[in-house]
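Everything on this sheet refers to the single structure shown next.
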2 protein chains.
Amino acid sequence: MNIGDIAQRTGLPAKTIRYYEEIGLVTPRREANGYRVFDDKDIHRLTFLARARALGFPIEDCRTLLALYKDDTRASADVKRIAQDHLAQIEDKILQLQSMRDTLTHLVHECAGDNRPDCPILKDLAKG
Amino acid sequence: MNIGDIAQRTGLPAKTIRYYEEIGLVTPRREANGYRVFDDKDIHRLTFLARARALGFPIEDCRTLLALYKDDTRASADVKRIAQDHLAQIEDKILQLQSMRDTLTHLVHECAGDNRPDCPILKDLAKG
DNA sequence: CTTGACCTTCCCGTGACTGGAAGCCCTATC
DNA sequence: GATAGGGCTTCCAGTCACGGGAAGGTCAAG
């Protein structure tokens, strides 16, 4: 399986897969011509990565999660801690964004959005 | 007013203020010794920037908003459009994050978090 | 034999800073 | 007058997770 096929099967862009190799997340073997060849294990790792990334885990978390996955003697507590920390970050970000959204919604509502220069949005930004 | 005082008054790190100068968002004059000197207009612009950035507007939006603010002949519609587009992006991101949060919350709930290796989180990531 | 679709590496750019090094400037103190 | 400190300057590198694009090798089909 060449990188193009793998990209299709995992949904990851070829560029991303090459990047993952560069930082040591996958290590496909090479054919004589230099092409990467991916076996089932590589595909599995990449699928795992795609899913973990889709859940927003940073790359280094993904690396750790992969290591834990491979380790039969892991404690699920270690996995859970990573997930909980990440979850906390996400919840934090949601709160920040909601606060921005609320302010912006209010301001946009107040603004006439016509040809006149009078604008509560700018007024608010200017007053600090 | 030197950069340190301005940093305190605006809440922006000195590094950030220098960066804003570098990309042309402020243009403080210089003293003979090379130190930046900020006048009231600079302070006002920086306060505006701090507030716009706090609402999540990207730098280039901030640049445009500053230009609109200075332009007495602006149409509030132009400001409103920028704010609405930005708001839409934020709402998008909130939805993405909420989806991640929901999945993660579920997985974390399912995971015992003990010494045993059995872990629904890893199971979910692995199955893709 | 050529075309076109693959694949390779390499390097730069993204956004908005942040950290750190090397060095100048100013004031206060001994 | 030397020195210590704090603040200021510039410049360079790093962040995070890729994406774009150039220059060139490879392979299957016609």
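Side chains included, hydrogens not; waters and symmetry mates left out as well; all remaining heavy atoms used. Order of the sequence lines sets the chain letters (A, B, ...), proteins ahead of strands, with each chain counted from 1. All of these numbers come straight from a predicted model, not from anything done at the bench.
Remark: B/Glu60 engages B/Arg63 in a side chain to side chain donor-acceptor pair (under 3.5 Å) (not counting sequence neighbours). Residues passing the salt bridge (charged side-chain N to carboxylate O under 4.0 Å, His left out) test with A/Arg81, sequence neighbours excluded: A/Asp78. Applying the side chain to side chain donor-acceptor pair (under 3.5 Å) rule to A/Arg116 yields the partners A/Asp114; only residues at least two apart in sequence or on another chain are considered. Applying the side chain to side chain donor-acceptor pair (under 3.5 Å) rule to A/Arg29 yields no partners; only residues at least two apart in sequence or on another chain are considered.
Overall, the helix from C/dC1-D/dG30 to C/dC30-D/dG1 carries an axis bend of 30° between its ends, with five pairs at each end and the value rounded to 10°.
Between B/Cys119 and A/Val79 the shortest heavy-atom distance is SG-CG1, 3.5 Å. The heavy-atom pair separating A/Arg74 from A/Tyr69 by the smallest distance is NH1-O, 3.0 Å. For B/Ile43 against B/Thr47, the heavy-atom pair with the smallest separation is O-OG1, 2.7 Å. When every heavy atom of A/Ile121 is checked against every heavy atom of B/Ala83, the shortest pair comes out as CD1-CB, 3.9 Å. Closest approach of A/Ala52 and A/Cys62 over heavy atoms only: CB-SG, 3.7 Å.
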Please tabulate, one pair per line, all N/O donor-acceptor pairs under 3.5 Å involving side-chain atoms of residues 84-100 of chain B, not counting sequence neighbours.
{"from": "B/His86", "atom 1": "NE2", "to": "B/Leu55", "atom 2": "O", "distance (Å)": "2.8"}
{"from": "B/His86", "atom 1": "NE2", "to": "B/Gly56", "atom 2": "O", "distance (Å)": "3.3"}
{"from": "B/His86", "atom 1": "NE2", "to": "B/Phe57", "atom 2": "N", "distance (Å)": "3.3"}

Let me have the donor-acceptor pairs involving side chains of residues 105-113 of chain A, under 3.5 Å, with sequence neighbours excluded, atom names and distances please.
{"from": "A/Thr105", "atom 1": "OG1", "to": "A/Arg101", "atom 2": "O", "distance (Å)": "2.6"}

Just distance, no hydrogens or angles: give the donor-acceptor pairs under 3.5 Å from side chains in residues 17-28 of chain B, sequence neighbours left out.
{"from": "B/Glu21", "atom 1": "OE1", "to": "B/Arg30", "atom 2": "NH2", "distance (Å)": "3.2"}
{"from": "B/Glu21", "atom 1": "OE1", "to": "B/Arg36", "atom 2": "NE", "distance (Å)": "2.5"}
{"from": "B/Glu21", "atom 1": "OE1", "to": "B/Arg36", "atom 2": "NH2", "distance (Å)": "3.0"}
{"from": "B/Glu21", "atom 1": "OE2", "to": "B/Arg30", "atom 2": "NH2", "distance (Å)": "3.3"}

Q: For each nucleotide in nucleotides 19-30 of chain D, reading 5' to 3', give B when a protein heavy atom comes within less than 4.0 Å of its base, S when such contact involves only the sugar-phosphate, and - otherwise.
A: SBB---BBS---
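Atom CG of A/Asn115 has 12 or fewer heavy atoms from other residues, nucleotides or ligands within 6.0 Å.
Between the CZ atom of B/Arg30 and the C1' atom of D/dC8 there is a distance of 10 Å, rounded to whole Å.
Within residues 2-12 of chain B, the residues having any heavy atom under 4.0 Å from DNA chain D are, by residue number, B/Asn2, B/Ile3, B/Gly4. Listed by residue number, the members of residues 19-26 of chain B with any heavy atom below 4.0 angstrom from DNA chain D form an empty set.
A donor-acceptor contact shorter than 3.5 Å is absent between the side chain of B/Asn2 and the backbone of B/Gly4. Remark: side-chain polar atoms of A/Arg45 are not paired, donor with acceptor, to backbone N or O of A/Leu66 under 3.5 angstrom.
The residue among B/Arg53 and A/Val37 whose nearest nucleotide of DNA chain C lies closer to the 5′ end is A/Val37.
Scanning DNA chain C 5' to 3' for nucleotides with an atom closer than 4.0 angstrom to a non-hydrogen atom of chain B gives a first and last hit of C/dA16 to C/dC26.
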